[in-house]
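A quick write-up on the structure given underneath.
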Amino acid sequence: MFVYLDNSATTKPYSAVTDKMVEYMKEDFGNPSSLHRLGISAEKAVKSARKSVAEALTVREDELIFTSGGTEADNTALIGAASARQRRGKKIITTAIEHPAVLEAAGRLESKGFIVEYIEVDEKGLVDLRALQEALTEDTLLLSIMGVNNEVGTIEPIQEIVQIKNEYNKAHGTDVLLHVDAVQAFGKLPLQSNGIDMIAVSGHKIHGPKGIGALYVRKGLTIEPYMIGGGQERHMRSGTENVPAIVGFGQAAKAAKEGFDLRIKNMSSAREYLLEGIKTEIKDIKINGAEKDSLDWDSGMCCPSVLNISFLGTRGEVLLHTLEQDGIYVSTGSACSSNKKGRSHVLKAMRLKDKEIEGAIRFSFSEFNTIEEMQYVLEHLKAAVAKFRRLGSFR
């Protein structure tokens with residue numbers, strides 16, 4: 001059996017997505033800036049896709065900028081906002097568990113003289129709202145808080161953060177911005193843009209293609225472009241548009257909106273079955289993040305697409321490759337930092353012990369996972385853990 005449980009890293013594109021992309025590579029391959037029929041056809045396709053992504057995000061079409069992915073969208077939000085607003089302040093507030101696309105952008109700004117404060121999280125990965133509130137100063141120009149953590153699935157209290165930001169701005173006559181990395185939340189939770197100034201999303205996390213993403217920038221907000229040149233995307237992201245990828249992203253976003261309820265219920269059912277089976281069949285485990293998931297935007301709960309568990313007395317990397325031999329694909333953490341040395345910065349920030357971090361596995365689900373697959377996973381996972389513990393020095 002083939003069981004893919006690494007959907008937080010990437011998802012399998014829908015057939016309708018790949019079909020549409022092939023059409024715009026083989027037939028309607030024009031440049032959207034060209035004035036002839038092929039160019040006009042490509043321009044219409046980009047416009048249609050923008051509408052689909054905007055509707056899925058519940059934002060205006062003219063508030064959406066296509067990028068090469070979530071990383072570029074995050075980079076553009078932080079560096080673009082900081083560059084445009086540096087006379088208003090030098091302070092940026094983020095969390096210790098953000099994606100590297102945010103943390104490294106913040107680090108670059110820090111090297112250029114900006115002040116970055118990293119808010120701690122609790123043992124479930126939930127941001128400390130009191131610390132966030134106390135960190136706000138009149139020199140603060142930007143908050144950057146992820147919607148759903150990519151390693152443990154914790155849903156962050158975005159609406160409460162919006163309220164804190166709005167109250168602070170009103171009381172002090174400031175205009176602190178809020179950027180949300182919603183790459184893991186998009187298509188899996190009913191995200192609302194109210195009170196959020198910038199939102200980053202990615203195509204390949206919702207069964208679209210790799211190499212395409214988008215940044216929502218609230219109408220009226222001006223940030224500096226991250227890429228300059230030909231002036232595409234309303235001068236906010238120069239470069240000839242990747243029409244096949246944009247069209248594929250639009251197709252995936254449309255499917256995400258139309259099949260939303262059924263998709264998250266399927267993910268939740270698979271997650272719950274596997275979690276209960278692991279708790280019953282395998283001893284000495286630690287659930288990292290919230291145990292219960294939510295089908296709504298409930299902070300402190302877990303997104304139904306993610307389950308992170310430490311199997312004490314084992315090594316996650318060894319379990320990963322053992323399961324791979326049985327056709328089961330999981331991960332030990334973020335694929336975006338898998339080539340870097342060191343342990344998970346997320347689990348470390350959640351104050352897990354070294355042995356707990358070492359034995360952590362992330363299972364991430366899609367609408368295509370079934371209960372039958374979870375039964376298969378449980379059987380082989382139980383055997384793999386038992387085998388490792390017999391051979392290792394389990395304590």
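The figures that follow rest on heavy atoms only: side chains count, while hydrogens, waters and symmetry mates do not.
Residues satisfying the side chain to side chain contact (heavy atoms under 4.5 Å, CB included) test with I164, not counting sequence neighbours, are L129, Q133, L136. Under the ring-ring contact (aromatic ring centres under 6.0 Å, His included) criterion, H207 pairs with Y14, F368, not counting sequence neighbours. Scored by the side chain to side chain contact (heavy atoms under 4.5 Å, CB included) test, M227 finds E72, R237 as partners (sequence neighbours excluded). Under the rule for a ring-ring contact (aromatic ring centres under 6.0 Å, His included), Y118 has no partner lying at least two apart in sequence or in another chain. When the side chain to side chain contact (heavy atoms under 4.5 Å, CB included) test is applied to E379, no partner is found at least two apart in sequence or on another chain.
Of the charged side-chain nitrogens involved, none lies within less than 4.0 Å of a carboxylate oxygen, so that K292 and E272 do not count as a salt-bridged pair. Between K382 and E281, at least one side-chain nitrogen of the basic residue sits less than 4.0 Å from a carboxylate oxygen of the acidic one, meeting the salt-bridge criterion.
Listed for the S268 side chain is no donor-acceptor partner under 3.5 Å among the backbone atoms of I264. Put simply, the side chain of N369 gets close to the backbone of S366: a donor and an acceptor are under 3.5 Å apart. S202 places no side-chain N or O within 3.5 Å of a backbone atom of V183 that could act as its donor or acceptor partner.
For residues 145-174, the set of pairs meeting the ring-ring contact (aromatic ring centres under 6.0 Å, His included) definition, not counting sequence neighbours, comprises Y168-H172. Residues in residues 42-52 take part in these salt bridge (Lys or Arg N to Asp or Glu O under 4.0 Å) pairs, two or more places apart or across chains: R50-E233. The salt bridge (Lys or Arg N to Asp or Glu O under 4.0 Å) contacts involving residues 219-228 comprise D62-K219, where partners must be two or more places apart or lie in separate chains. Pairs of residues two or more places apart, or lying in two chains, that qualify as salt bridge (Lys or Arg N to Asp or Glu O under 4.0 Å) and include a residue from residues 115-139 are K91-E117. Listed by first then second residue, pairs satisfying salt bridge (Lys or Arg N to Asp or Glu O under 4.0 Å) with a partner in residues 178-202 read K165-D197, D197-R218, not counting sequence neighbours.
If you chain together hydrophobic residues whose side chains sit under 4.5 Å apart, I285 and L5 fall into the same group. Hydrophobic clustering of Ile, Leu, Val, Met, Phe, Trp and Tyr side chains at less than 4.5 Å, counting indirect connections, keeps M236 apart from I196.
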List the atom pairs, with distances to 0.1 Å, where a side-chain N or O of residues 244-262 and a protein N or O form a donor-acceptor pair under 3.5 Å, not counting sequence neighbours.
none

Problem set entry | Steps toward side-chain hydrogen bond (donor to acceptor under 3.5 Å, both in side chains) verdict (E98, T95) | CA-CA 6 Å; E98 297 297 312; T95 79; 2.7 Å; yes
Exercise. So Q159 and Q163, side-chain hydrogen bond (donor to acceptor under 3.5 Å, both in side chains) or not? Walk me through it.
Worked result: CA-CA 6 Å; Q159 292 308 312; Q163 186 176 350; over 6 Å; no
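Taking a 4.5 Å side-chain heavy-atom cut-off between Ile, Leu, Val, Met, Phe, Trp and Tyr, the cluster of Y329 extends to F2, Y4.
When the shell of 6.0 Å around CD1 of I228 is examined, it contains 12 or fewer heavy atoms from other residues, nucleotides or ligands. The local environment of NZ in K348 is sparse, with at most 12 non-hydrogen atoms from other residues, nucleotides or ligands closer than 6.0 Å. Within a 6.0 Å radius of CD in E276, more than 12 heavy atoms belonging to other residues, nucleotides or ligands are found.
Heavy atoms only, all atoms of each residue included: P304 and S294 are closest at CD-O, 3.1 Å. Across every non-hydrogen atom of V148 and A185, the tightest pair is CG2-CB, 3.7 Å.
No donor-acceptor contact under 3.5 angstrom links the side chains of N149 and T154, judged on distance only.
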